[in-house]
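Remember, predicted model here, so these are calculated numbers, not experimental data.
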Amino acid sequence: MSEQTEPQTDTATEATPKPGFGVVSSIRKYVGEEDGSAKAVLQPTGAAGVRITLVGEKNGVLADRVVAALDESEDVVAEIEGLERGEWDRELTSKATVTPKHWRKMAGWVAHQKRFPKARNHKVVDYR
């Protein structure tokens, strides 16, 4: 009888993927506009990847970029001078400023609506 062995994978030879086109350069530009200093909060978003949420030192303007993996996002933070990793604490949250343009972007299709459909759970919410 022959014994079957599992194929070995060498994790040292696997390369960390490079960030998507323009991610590093756009974050560098953002940090430069914020007087060379910003904080980055890394937020895994499941299959979509990891959102790098940025809060600038000068104006606290909120920005974000998405990369494929957590390792990739950590590499981006380490690569950019003036960018340090942060967490959503009281100080950072109070500093974050969301611009009207960002609010519209987050609202998506709802931003320009005049009428809204009833919520799918309206029977639970409207219990009276």
Side chain proximity check, [X] to [Y], heavy atoms < 4.5 angstrom:
{"X": "Leu92", "Y": "Glu87", "value": "no"}
{"X": "Val23", "Y": "Val67", "value": "yes"}
{"X": "Glu81", "Y": "Arg28", "value": "no"}

Give me the atom names and distance for the closest heavy-atom approach of [X] to [Y].
{"X": "Val66", "Y": "Ala48", "result": "CG1-O, 3.6 Å"}
{"X": "Ala96", "Y": "Val55", "result": "CA-CG1, 4.0 Å"}
{"X": "Arg65", "Y": "Gly22", "result": "NH1-O, 3.6 Å"}

Point to revise | Val76 vs Ile52, side chain to side chain contact (heavy atoms under 4.5 Å, CB included): CA-CA, chis, key distance, verdict | key: CA-CA 9 Å; Val76 168; Ile52 303 172; 4.2 Å; yes
Can you tell me how far [atom2] of [Y] sits from [atom1] of [X], rounded to the nearest 0.5 angstrom?
{"X": "Ile27", "Y": "Ile80", "atom1": "CD1", "atom2": "CD1", "value": "4.5 Å"}
{"X": "Asn59", "Y": "Asp35", "atom1": "CG", "atom2": "CG", "value": "7.5 Å"}
{"X": "Ser37", "Y": "Glu84", "atom1": "OG", "atom2": "CD", "value": "6.0 Å"}
{"X": "Leu42", "Y": "Ser73", "atom1": "CG", "atom2": "OG", "value": "4.0 Å"}
{"X": "Leu62", "Y": "Leu54", "atom1": "CG", "atom2": "CG", "value": "8.0 Å"}

**Study point:** Salt-bridge present (Glu57, Lys39; N to O < 4.0 Å)
**Key:** no
Review point. Would a distance-only check, ignoring hydrogens and angles, find a side-chain to backbone donor-acceptor pair under 3.5 Å from Tyr30 to Ala38?
Key: no
Practice item. For side chain to side chain contact (heavy atoms under 4.5 Å, CB included), just list the numbers for Glu72 and Val50, CA-CA rounded to whole Å, side-chain angles, deciding distance to a tenth of an Å, and then say yes or no. Key: CA-CA 9 Å; Glu72 189 177 343; Val50 178; over 6 Å; no
